[in-house]
Amino acid sequence: MTPSSIPFFSQAKTFEKIWPELRAGVDEIFADGKFSHSRQVGLLEKALARYTGARHVIGVNSGTDALVLLLKAAGLRPGDRVLVPAYSFVATASSVVLAGGRPVFTDVDPDTYAMRPELITDEAADGARFLLPVHLFCRMADMAALSSCAADRGLTLLEDSAEGIGMRQDGVHAGLHGRGGVLSFFPSKTLGALGDAGAVLTDDPDLADHVAALRHHGRTGRTLAHFPGISNETVHPGHNSKMDDLQAAVLLAKLTVLDEGIRHRAVLARRYDEGLRDVPGVTRLPALTGGPDEVFYVYLIETDRRDELAAHLQDRGIGTETYYPRPLHLQPCFAGLGHRPGDFPAAEAASRRALALPLHSDLTEDEVARVCAAVRAFHTGETSA
Ligand SMILES: *Cc1c(COP(=O)(O)O)cnc(C)c1O
């Protein structure tokens with residue numbers, strides 16, 4: 001019997017578990033007859049505030065719009081320079097452009113893929129107004145170091161914590177180390193909807209009000225249906241970045257099993273670590289902390305022969321993803337910034353070498369062992385696995 005395939009991502013088991021809860025939420029939506037920016041969204045915002053410790057959570061339609069609205073509400077003016085890492089999902093930098101600013105790239109730490117103060121040159125920081133570090137895959141950037149860097153250089157600190165649900169540093173959830181951060185609920189994220197959704201996190205009430213207005217055509221006041229005193233005054237030209245109640249209901253149901261899922265992924269990450277630690281040719285594995293802060297969104301390894309390894313695994317029914325195959329400074333959409341290959345060596349190396357292996361709530365330890373065996377066989381030239 002050939003072993004069944006191992007998809008890169010799957011969440012059937014999670015949905016089995018949460019189905020009654022989700023069904024109840026959907027029934028409520030139909031009973032209310034309100035499908036956008038309504039009761040379930042308000043309930044989700046409260047639940048996320050409890051989970052993250054944020055004073056304010058503003059639900060929106062995607063992580064990308066959350067970034068755009070956060071940047072605008074934090075006072076970004078046209079042409080403002082925003083320091084961002086050269087290795088990230090493209091939305092980190094495109095959101096800056098969409099908000100009217102200009103991304104300024106810095107290289108990343110080769111182990112954590114995060115921004116580091118030492119990598120921010122005086123030239124890059126010159127005239128910059130914002131610092132937008134990203135927490136990628138399973139590691140937060142060193143926020144104590146970046147906070148003092150922001151203070152020294154007079155920068156407003158925001159976080160692209162789109163991947164960061166559940167991640168905490170010094171007891172503070174990702175997104176709450178500066179003026180604000182975001183979450184993405186894209187389906188494959190640690191807490192994923194059945195489509196697009198996102199949120200802004202902040203402790204700052206003025207920032208929260210501004211984001212809440214911007215997501216809803218610029219209207220002020222709490223315009224959620226369950227808040228009395230609906231306002232229909234438009235103060236800023238706003239976006240339509242409202243969240244659907246269906247997505248909120250999915251996320252509310254999934255939130256009840258989030259920590260369980262995070263613990264499961266941490267166990268699997270440990271199995272990967274044991275299975276891959278001594279494989280020749282695998283040049284980097286994520287560092288394990290062994291602590292309760294071990295929150296893996298993605299398990300990312302590095303190898304010299306990334307594309308060949310991905311094809312080898314694909315032939316054996318094992319799905320992988322390349323995060324991210326092109327560093328941001330070499331994306332055509334940022335060509336106007338005038339960068340060339342060689343400008344950010346760590347970001348470029350990661351883009352050539354990094355491969356994400358399956359990691360999700362349906363995955364079993366036996367399947368991780370099979371993936372490890374296949375990775376090992378590829379690098380050692382054995383053909384059995
Ligand atoms: C997913 C992601 C985003 C964008 O979120 P969407 O919900 O897909 O718009 C932004 N930044 C990072 C680092 C991400 O991983």
Side-chain angles (χ1 to χ4, degrees), residues 8-9 41 44 48 57-72 82-99 101 103 105-106 108-109 112-115 130-141 143 146 158-167 174-175 177-178 180-201 211 214-215 239-244 246-248 250-251 254 265 286 295-300 321-328 331 333-334 347 350-351 354 356 359-360:
F8 178 68
F9 183 73
V41 176
L44 176 68
L48 285 170
V57 176
I58 303 101
V60 295
N61 62 341
S62 71
T64 302
D65 274 24
L67 281 168
V68 173
L69 270 45
L70 173 66
L71 285 158
K72 285 190 171 185
V82 182
L83 291 157
V84 296
Y87 183 63
S88 182
F89 183 57
V90 68
T92 302
S94 51
S95 62
V96 170
V97 175
L98 293 171
F105 297 114
T106 76
V108 295
D109 181 291
T112 62
Y113 308 113
M115 270 180 140
F130 292 89
L131 182 60
L132 182 62
V134 185
H135 313 302
L136 286 180
F137 314 126
C138 65
R139 274 298 156 269
M140 283 184 64
M143 292 313 293
L146 288 167
L158 303 173
E159 290 164 80
D160 179 348
S161 43
E163 301 179 4
I165 188 108
M167 294 184 190
H177 291 256
V182 302
L183 293 173
S184 165
F185 307 120
F186 182 74
S188 67
K189 295 273 154 79
T190 308
L191 179 66
L194 284 176
D196 284 294
V200 172
L201 307 179
V211 170
L214 283 174
R215 77 173 155 180
H239 296 243
N240 178 4
S241 302
K242 301 191 297 292
M243 185 190 277
D244 292 334
L246 186 58
Q247 303 308 348
V250 171
L251 294 166
K254 278 186 136 187
R265 285 174 192 232
V295 179
F296 277 81
Y297 159 53
V298 158
Y299 192 85
L300 194 88
E321 279 286 345
T322 309
Y323 292 131
Y324 299 96
R326 196 192 276 260
L328 298 182
Q331 286 286 2
C333 62
F334 304 123
S351 295
L359 187 74
H360 47 80

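Position 1 is the first residue of the sequence; numbering continues from there. Order of appearance sets the numbers: ligands from 1, and atoms from 1 within every ligand. Only this structure's heavy atoms are used, side chains among them; waters, hydrogens and symmetry mates stay out.
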Under a heavy-atom criterion of less than 4.0 Å, does K189 contact ligand 1?
-> yes

Output yes when the distance from some N or O of ligand 1 to some N or O of [X] is under 3.5 Å, and no in every other case.
X	answer
S184	yes
S88	no
T64	yes
G63	yes

Nearest-neighbour protein heavy atom for atom 15 (O) of ligand 1, which is reported as residue plus atom name and distance | E163 OE2, 2.6 Å

Among non-hydrogen protein atoms, atom 11 (N) of ligand 1 lies closest to D160 OD2, 2.8 Å

Centres of the F105 and F334 rings: under 6.0 Å?
-> yes

[X] (side chain) donor-acceptor with [Y] (main chain) under 3.5 angstrom:
X	Y	value
T112	A114	yes
E159	H177	yes
H135	A141	yes
S62	D65	yes
R139	Y113	no
T92	S88	no

Quick one: which ligand 1 atoms are inside 4.0 Å of a heavy atom on A162?
-> 2 (C), 3 (C), 10 (C), 11 (N), 12 (C), 14 (C)

Please identify which atoms of ligand 1 are closer than 4.0 Å to at least one heavy atom of V134.
-> 13 (C)

